[in-house]
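These notes are about the structure you will find just below.
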Amino acid sequence: MEIVTAGLGAIFGAVIRYAITNYGKKNWPKSFSYATLLINLSGTFLLGLIFALSLPVFVYAFVGTGILGGYTTFSTMNVELLGKLKDKSYRMFWTYLIASYLGGLILVFAGFALGKLL
Amino acid sequence: MNSKLANYFSVGFFAFFGGALRCFLTNIWSQTGTFVANISGCFLLAFLTYFFLQFREGRDWLATGLSTGFVGAFTTFSSFNLDTLKQLQSANSMPVMIYFFSSIIFGLIFAALGMYVGNKLGKRLAGEA
């Protein structure tokens, strides 16, 4: 049942991600992966927060594992990073890599700290 | 159905299976499950992306559903960071370094492998069609 709950949450997460990515393709500069970075960092902050709240198993499976897990994406980020290497955009590559991984670490802590205060 | 709406339905439909499968893997293997989902997902997404670049033929909804929906929901950046936080809190810093840096490196390596295989296979099938 937990697996089905997570799957249902992932539907919402992925559709929101797809909508933001589509919006970004139309409205944001194509030179950098703003959409995926925004999605991954905001989702990471929220997951840290949700985790700190110690929610019941099924609520966490739906919101945390499902919605936020399906919203953020590790694979798209890596394929985009690879694309920057292919294009020899090394500065973009390192900026994106460091912004994602360092930003992710900082934001998961920030979300967790905020959740503990609530 | 218009193709934009079809893509959204396809993303949602396939995301269910991606999220459910990831949840299954984390249930049996815990953080190793997230790692396996993320790294294999990098291969799969790069494979699909470059395969469908060569061999598309109007399968837009299928390409989008499988890549953005299934693999996008299967892999997760937020749980990766949360797993790192949990490991840091357990104060055993060596495994967390291994987890963190091997995710970065293997993510890129497996994406590169997926690109290579997807390109090859896509070109071969497009050549035969």
Side-chain angles (χ1 to χ4, degrees), chain A residues 2-15 17-19 21-22 36-37 39-48 50-52 61 64-83 85-86 93 97 100-101 103-109 111-112, chain B residues 4 7-9 11-24 26-27 34 37-46 48-50 64 67-86 88-89 100-101 103-104 106-112 114-115:
Chain A
E2 195 193 338
I3 290 170
V4 175
T5 310
L8 290 174
I11 295 175
F12 293 96
V15 167
R17 169 164 44 81
Y18 185 51
T21 312
N22 279 339
T36 309
L37 184 65
I39 288 162
N40 277 343
L41 293 183
S42 60
T44 297
F45 175 79
L46 289 173
L47 188 69
I50 294 283
F51 175 70
T65 312
I67 297 180
L68 294 173
Y71 171 62
T72 61
T73 176
F74 187 78
S75 50
T76 306
M77 177 185 70
N78 273 288
V79 170
E80 287 170 350
L81 280 169
L82 184 69
L85 280 182
K86 257 187 83 197
F93 171 83
L97 189 141
S100 295
Y101 284 109
L105 268 187
I106 293 170
L107 284 166
V108 78
F109 269 97
F112 183 78
Chain B
K4 223 182 139 190
N7 282 352
Y8 272 95
F9 272 103
V11 165
F13 176 79
F14 284 106
F16 172 83
F17 297 98
L21 186 60
R22 172 167 44 79
C23 183
F24 171 73
T26 46
N27 279 352
T34 310
N38 276 346
I39 301 305
S40 60
C42 285
F43 177 88
L44 265 178
L45 187 69
L48 290 169
T49 304
Y50 288 91
T64 309
S67 51
T68 309
F70 178 78
V71 189
F74 182 54
T75 65
T76 176
F77 186 73
S78 50
S79 296
F80 160 76
N81 281 292
L82 185 63
D83 288 347
T84 308
L85 173 115
K86 286 179 190 167
L88 281 173
Q89 285 179 334
F100 191 78
F101 288 104
S103 289
I104 297 179
F106 283 114
L108 283 169
I109 292 175
F110 275 78
M115 177 181 82

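A, B, ... follow the sequence lines: proteins, then strands. Residue 1 opens every chain.
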Legend entry - Toward chain A, the part of B:Phe17 with a non-hydrogen atom under 4.5 Å: neither

Legend entry - Contact leader toward chain A among B:Gly69, B:Gly41, B:Ala37, B:Gly72, where contacts are heavy-atom pairs under 4.5 Å: B:Gly72

Inset, instruction - Measure the shortest side-chain to side-chain distance between A:Phe112 and B:Gln89 over non-hydrogen atoms and say whether it is less than 4.5 angstrom. - result: yes

Legend entry - A:Thr44 side, atom OG1; B:Leu85 side, atom CG - distance, nearest 0.5 Å: 11.0 Å

Legend entry - Approximate separation, where rounding is to 0.5 Å, of B:Asn81 CG and A:Leu41 CG: 8.5 Å

Inset, instruction - Mark yes when over 12 heavy atoms from residues, nucleotides or ligands other than B:Phe106 sit less than 6.0 Å from its CZ; otherwise mark no. - result: no

Inset, instruction - Name the region of B:Tyr50, side chain, backbone, both or neither, that has any atom closer than 4.5 Å to a heavy atom of chain A. - result: side chain

Inset, instruction - Take B:Phe77 and A:Thr73 through the side chain to side chain contact (heavy atoms under 4.5 Å, CB included) test and state the conclusion after the steps. - result: CA-CA 5 Å; B:Phe77 186 73; A:Thr73 176; over 6 Å; no

Legend entry - Max heavy-atom pair count under 4.5 Å with chain B, selected residue of A:Ala19, A:Gly13, A:Gly66, A:Ala6: A:Ala19

Legend entry - Contact summary for A:Phe74 and B:Ser103, nearest pair of heavy atoms: CZ-O, 3.5 Å

Inset, instruction - Please name all residues satisfying ring pair (Phe, Tyr, Trp, His ring centres under 6.0 Å) with A:Phe12, sequence neighbours left out, ordered by chain then number. - result: none

Inset, instruction - Considering only heavy atoms and a distance below 4.5 Å, find which of B:Ser40, B:Ala46, B:Ala73 pairs most often with chain A. - result: B:Ala73

Legend entry - Side chain to side chain, B:Phe80 and A:Tyr101, heavy atoms closer than 4.5 Å: yes

Inset, instruction - Please report the shortest heavy-atom distance between B:Cys23 and A:Glu2, naming the atom on each side. - result: SG-O, 3.9 Å

Legend entry - Under 4.5 Å from a heavy atom of chain B, the part of A:Ser100 involved: both

Legend entry - Short side-chain to backbone donor-acceptor contact, A:Arg17 and B:Thr68, under 3.5 Å: yes

Legend entry - Rounded distance [0.5 Å steps], CE in A:Met77 versus CG in B:Leu45: 11.5 Å

Inset, instruction - Answer yes or no: is there a donor N or O on one side and an acceptor on the other, between the side chain of B:Ser78 and the main chain of A:Leu47, under 3.5 Å? - result: no

Legend entry - Residue among B:Gly18, B:Ala15, B:Gly114, B:Ser67 with most heavy-atom pairs under 4.5 Å to chain A: B:Ala15

Legend entry - Smallest separation among heavy atoms of A:Leu82 and B:Met115, with atom names: CD2-SD, 3.7 Å

Inset, instruction - Could you tell me which portion of B:Asn27 (side chain, backbone, both or neither) has an atom closer than 4.5 angstrom to a non-hydrogen atom of chain A? - result: side chain

Inset, instruction - Check the pair B:Thr84 / A:Leu105 against side chain to side chain contact (heavy atoms under 4.5 Å, CB included), numbers first and verdict last. - result: CA-CA 8 Å; B:Thr84 308; A:Leu105 268 187; 3.7 Å; yes

Inset, instruction - Heavy-atom distances under 4.5 Å only: say whether A:Leu97 touches chain B with side chain, backbone, both or neither. - result: side chain

Legend entry - Partners meeting side-chain contact (heavy atoms from CB on, under 4.5 Å) with B:Phe24 (sequence neighbours left out): A:Ile3, B:Leu21, B:Ile28

Legend entry - Proximity breakdown for A:Phe51 and chain B, heavy-atom pairs closer than 4.5 Å: side chain

Legend entry - Of B:Thr76, B:Asn38, B:Thr75, the residue whose pairing with A:Ser75 passes side chain to side chain donor-acceptor pair (under 3.5 Å): B:Thr75

Inset, instruction - Pick one of side chain, backbone, both or neither for B:Leu88, based on which atoms fall under 4.5 Å of a heavy atom in chain A. - result: side chain

Legend entry - Heavy-atom proximity to chain A below 4.5 Å, by part of B:Thr64: side chain

Inset, instruction - Report the distance from atom CD1 of A:Ile11 to atom CZ of B:Phe13, rounding to the nearest 0.5 Å. - result: 9.0 Å

